[in-house]
Amino acid sequence: MPSSEKKGVKMIKVIAVNAGSSSIKYKLYEMPEEKVIASGMVERIGHEDAIFKFKGGKEDKKDILPILDHAKGVELILKALESSGVVASLKEIAVVGHRVVQGGKYFAKSAYFTEENEEKIRELIPLDPLHAPAHLLGFHAFKEALPEAKAIAVFDTAFHRTMEEEDSIFPIPEEWTEKYDCRRYGAHGTSHQYLAEKAIHDYFHDKKDTRIITCHIGSGASLAAIRDGKCVATSMGLTPLGGVMMGTRSGDIDPSVLDYISTCTGKDVHEIYEILNRESGLLGVSGGLSNDTRDIEEAMKNGNPKALRAANLFARRIADYIGQYFVRLGGVDMIIFSAGIGENSETFRELILKRCQEALHLEIDWEKNISYNRKEGLISKPSSQIQVAIIPTDEEVMIARDCYKAWEGTL
Ligand code: ADP
């Protein structure tokens with residue numbers, strides 16, 4: 001039976017899945033309580049020494065074993081859910097929610113994994129060749145193993161579909177926009193939406209007319225300008241390469257760099273695109289030192305000028321977008337920091353905020369900037385007109401919420 005009752009409320013179990021090319025992250029929830037009852041990750045799929053992590057019931061384990069495809073990974077996850085006693089039967093899992101990075105022009109909200117929708121996701125592969133095939137592998141592996149469960153796709157781009165045209169099209173020939181759908185789709189939408197909804201509820205008591213800038217800064221990074229809970233603008237572009245500087249991605253650059261570097265090096269556009277994706281950002285600017293802010297911070301402490309240069313450029317790019325979004329929103333009530341760097345690095349938050357504080361009259365409590373690391377709370381002083389908060393993101397709970405809606409029939 002997929003549902004049980006608790007104090008008159010129907011309870012179901014749903015699983016939020018994030019399938020990558022060589023990994024599957026998962027969290028099993030009891031809904032609508034939003035209680036995580038199991039979680040884990042399969043890594044290095046395709047290898048003899050793949051990693052299987054599972055936490056649930058009384059079990060908390062990590063195994064190294066051959067996991068040659070996604071189907072095997074899913075089989076192990078489901079076996080662990082049963083053997084740990086987290087579920088008595090796999091039939092208890094009512095809905096599987098799959099994260100899908102690119103929803104393109106088709107999806108403004110989460111959708112059932114129908115054949116027609118799967119075809120649309122497949123059609124969008126050229127816009128996300130890295131993730132989309134893996135999402136489909138994950139979907140099929142779960143479909144095979146749990147044929148009775150409903151399946152939905154939750155898109156990273158959906159939240160950004162409320163952008164107006166002037167925020168989402170590029171100044172390129174009309175044919176590229178219309179015929180090839182070459183426009184800004186953004187990413188991290190599920191995270192930006194979670195952060196905005198949480199802030200509006202917890203900090204603004206559901207008041208109307210809120211203006212929020214969300215900074216999701218992890219190894220991938222993006223900002224969003226959000227008015228009244230709806231996305232007005234976001235920094236990532238056609239793909240997650242655009243916008244601010246990231247761990248290994250350049251973010252926005254003058255497009256003539258492509259032609260010039262091609263002339264200088266003889267590399268073609270695909271090779272240069274790969275380098276802008278994988279060898280640029282913090283890693284590139286620091287001269288190959290690292291894409292990880294922990295290493296960059298360490299090197300900065302030792303006076304490494306390349307690390308300092310990379311960190312300063314990283315902060316400048318984000319501060320520039322904050323300025324841009326301040327104008328776009330006609331002011332701002334709250335700036336939110338989240339994700340790996342936004343939640344954990346007081347150094348990077350300080351570098352960014354110092355670049356905004358004069359223009360935006362920010363009053364930061366620098367002690368709180370340190371003490372609220374890895375926690376949630378306001379790091380601005382009560383006197384600051386613009387509040388600044390750290391809020392840990394939770395994309396999985398958003399997937400679980402949509403799973404519950406799908407089960408209720410209100411998706
Ligand atoms: P993604 O989900 O995009 O893979 P995350 O949001 O998990 O990325 O962010 C990972 C990044 O966060 C790391 O690459 C590192 O730069 C940064 N990070 C994580 N923990 C810390 C920390 N304690 N101090 C500084 N930076 C950190």
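Both counts, for ligands and for their atoms, begin at 1 and track the order of listing. Predicted model only: the values in this text are computed from it and were never measured. Excluded from the calculations below are hydrogen atoms, water molecules and symmetry mates; all remaining heavy atoms, backbone and side chain alike, are included.
For ligand 1, the atoms lying closer than 4.0 Å to a non-hydrogen atom of Asp292 are 13 (C), 14 (O), 15 (C), 16 (O). Taking a cut-off of under 4.0 Å to the non-hydrogen atoms of Gly220, the atoms of ligand 1 that pass are 3 (O). Here is the list of ligand 1 atoms found below 4.0 Å of a heavy atom in Glu297: 25 (C).
Under the 4.0 angstrom criterion for non-hydrogen atoms, Glu343 is not in contact with ligand 1. Under a 4.0 angstrom heavy-atom cut-off, Gly247 registers as lying outside contact with ligand 1. Not close to ligand 1: His216, with no non-hydrogen atom less than 4.0 angstrom away.
By the definition of a contact as any protein heavy atom under 4.0 Å away, atom 3 (O) of ligand 1 is in contact.
For the residue pair His216/Ser338, the side-chain donor-acceptor check at 3.5 Å is not satisfied. There is a side-chain donor-acceptor pair under 3.5 Å between Ser256 and Asp254.
For the pair Lys354 and Trp366, the distance from NZ or CZ to the six-membered ring centre is under 6.0 Å and the angle to the ring normal is within 45 degrees.
Looking only at protein heavy atoms, the nearest one to atom 20 (N) of ligand 1 is Arg294 NH1, 3.4 Å. With respect to atom 23 (N) of ligand 1, the closest heavy atom belonging to the protein is Arg374 NH1, 3.1 Å. Protein heavy atom closest to atom 1 (P) of ligand 1, with residue, atom name and distance, is Ser219 OG, 3.2 Å. Protein heavy atom in closest approach to atom 22 (C) of ligand 1: Asn344 CB, 3.4 Å. For atom 6 (O) of ligand 1, the nearest non-hydrogen atom of the protein is Gly340 N, 2.9 Å. Annotation: atom 16 (O) of ligand 1 to nearest protein heavy atom, Thr293 OG1, 2.7 Å.
Remark: the backbone N or O of Asp209 is not paired with any side-chain donor or acceptor of Arg227 at under 3.5 angstrom.
For ligand 1, the polar-atom distance check finds no N/O of Ser345 at less than 3.5 Å from any of the ligand's N/O atoms.
For Phe314, the ring-ring contact (aromatic ring centres under 6.0 Å, His included) criterion is met by Phe348, not counting sequence neighbours.
Ring centers of Tyr185 and His160: at least 6.0 Å apart, outside the cut-off.
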Exercise. Passes side chain to side chain contact (heavy atoms under 4.5 Å, CB included), Glu48 versus Leu68? Steps please.
Worked result: CA-CA 7 Å; Glu48 292 292 329; Leu68 297 184; 4.0 Å; yes

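Rounding to the nearest 0.5 Å places CG of Asp295 at 5.0 Å from CG of Asp292.
Residue Lys207 qualifies as enclosed at atom NZ: its count of foreign heavy atoms under 6.0 Å is above 12.
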